[in-house]
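Fair warning: this is a prediction, and the values are worked out from it, not measured in the lab. Side chains included, hydrogens not; waters and symmetry mates left out as well; all remaining heavy atoms used.
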Amino acid sequence: MGSPRSESPQVVQIYAGRPSFSCAKCAATIALQDELISKSFSGRDGRGYLMNSAENVKLGKREERPLLTGVHTVADVFCLGCDERIGWFYHKASDAGQKYKEGKYLLERERLIKENAWKLDE
């Protein structure tokens, strides 16, 4: 009898034909554009998008990190397709005025491709 095989998670394409953001490195779909809350955030490497949700991602280790708006408990977010770090997830905000970020994703603009899903009339 063999031992149970460890299977890696599979990237799913669930937003076909809908405007979305994809990983700039491997093109895995990460989030619907409809899930965008704000473009006025800063990531490690430039501008970032605050998002309600993300797909095809895995979270790194939870840690307290000093950010521009105070200390937050966050975990880095990695693309499931290529393991590229694409942002972070807000677990907890210490400041009451920052609580709206809890449970949200900060995705770095430079790590994403905007897929508009435009269709040309034929």
Side-chain angles (χ1 to χ4, degrees):
M1 207 147 117
S3 61
R5 193 167 50 122
S6 174
E7 294 185 29
S8 33
Q10 296 293 314
V11 172
V12 293
Q13 297 297 332
I14 57 176
Y15 300 141
R18 298 183 64 192
S20 60
F21 294 105
S22 299
C23 175
K25 187 172 180 182
C26 74
T29 304
I30 301 297
L32 278 175
Q33 290 180 29
D34 290 344
E35 293 296 302
L36 178 66
I37 298 169
S38 175
K39 295 180 183 179
S40 301
F41 278 72
S42 295
R44 285 184 179 162
D45 302 318
R47 304 303 300 164
Y49 299 149
L50 186 66
M51 307 291 294
N52 269 320
S53 66
E55 300 295 331
N56 294 320
V57 297
K58 59 185 172 183
L59 299 181
K61 190 179 91 171
R62 186 185 291 216
E63 65 183 23
E64 289 201 2
R65 189 178 298 166
L67 300 172
L68 292 174
T69 54
V71 176
H72 298 275
T73 304
V74 299
D76 283 335
V77 173
F78 298 90
C79 174
L80 206 54
C82 64
D83 212 32
E84 179 85 346
R85 185 188 52 77
I86 58 173
W88 60 80
F89 178 79
Y90 288 100
H91 284 285
K92 187 172 183 205
S94 54
D95 184 84
Q98 301 297 312
K99 294 285 187 190
Y100 72 97
K101 296 177 185 174
E102 292 180 351
K104 308 288 190 292
Y105 294 84
L106 180 287
L107 301 178
E108 300 200 44
R109 185 177 74 183
E110 296 302 315
R111 308 249 188 240
L112 301 175
I113 298 169
K114 186 177 180 183
E115 305 282 354
N116 287 317
W118 291 333
K119 299 201 186 319
L120 298 175
D121 292 334
E122 298 194 16

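S42 OG to R47 CZ: the interatomic distance, rounded to the nearest 0.5 Å, is 4.5 Å. Taking CD1 of I37 as the start and OH of Y105 as the end, the distance is 11.5 Å to the nearest 0.5 Å. Rounding to the nearest 0.5 Å gives a distance of 14.0 Å between OH of Y49 and CD1 of I30. The line from CD of E55 to CG of L32 is 8.5 Å long, rounded to the nearest 0.5 Å. Atom NZ of K101 and atom CG of L50 lie 7.5 Å apart (nearest 0.5 Å). Taking SG of C23 as the reference point, atom CG of L112 lies at 7.5 Å (rounded to 0.5 Å).
Summarising the geometry of A31 relative to S53, their closest heavy-atom pair is CB-O, 3.6 Å, with the distance given to 0.1 Å.
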Exercise. Begin with the C-alpha distance, continue with both residues' side-chain angles, and end with the deciding distance and a verdict on side chain to side chain contact (heavy atoms under 4.5 Å, CB included) for V57 and L107.
Key: CA-CA 11 Å; V57 297; L107 301 178; 5.6 Å; no

Quiz item: Run the side chain to side chain contact (heavy atoms under 4.5 Å, CB included) check on Q98 and L67 step by step: do they pass?
Solution: CA-CA 11 Å; Q98 301 297 312; L67 300 172; over 6 Å; no

Quiz item: Checking side chain to side chain contact (heavy atoms under 4.5 Å, CB included) for the pair E115/F21: CA distance, chi angles, key distance, verdict?
Solution: CA-CA 6 Å; E115 305 282 354; F21 294 105; over 6 Å; no

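Residues passing the salt bridge (Lys or Arg N to Asp or Glu O under 4.0 Å) test with E63 are R65, sequence neighbours excluded. Not counting sequence neighbours, the partners of R44 by the salt bridge (Lys or Arg N to Asp or Glu O under 4.0 Å) test are D76. Checked against salt bridge (Lys or Arg N to Asp or Glu O under 4.0 Å), E84 has the following partners two or more places apart in sequence or in another chain: K25, R111. Every residue two or more places apart in sequence or in another chain that forms a salt bridge (Lys or Arg N to Asp or Glu O under 4.0 Å) with K99 is listed here: E102. Every residue was checked against the ring pair (Phe, Tyr, Trp, His ring centres under 6.0 Å) condition with F41, not counting sequence neighbours, and none meets it.
Residues M51 and L59 fall within the same hydrophobic cluster, defined by Ile, Leu, Val, Met, Phe, Trp and Tyr side chains chained together at heavy-atom separations under 4.5 Å.
Note on R85 versus D45: salt bridge recorded, some NZ/NE/NH1/NH2 to OD/OE distance being below 4.0 Å.
Under a 4.5 Å side-chain heavy-atom cut-off, the cluster of Ile, Leu, Val, Met, Phe, Trp and Tyr residues that includes I113 has no other member.
Looking only at side-chain heavy atoms (C-beta outward), N52 and K104 come within less than 4.5 Å of each other.
Ring-plane geometry between Y90 and H72 is classed as perpendicular, the angle between the planes exceeding 60 degrees on a 0 to 90 degree scale with a lower cut at 30.
No option in V77, N56, L106 other than V77 meets the side chain to side chain contact (heavy atoms under 4.5 Å, CB included) test with I86.
No donor-acceptor distance shorter than 3.5 angstrom exists from the side chain of T73 to the backbone of H91, with no hydrogens or angles considered.
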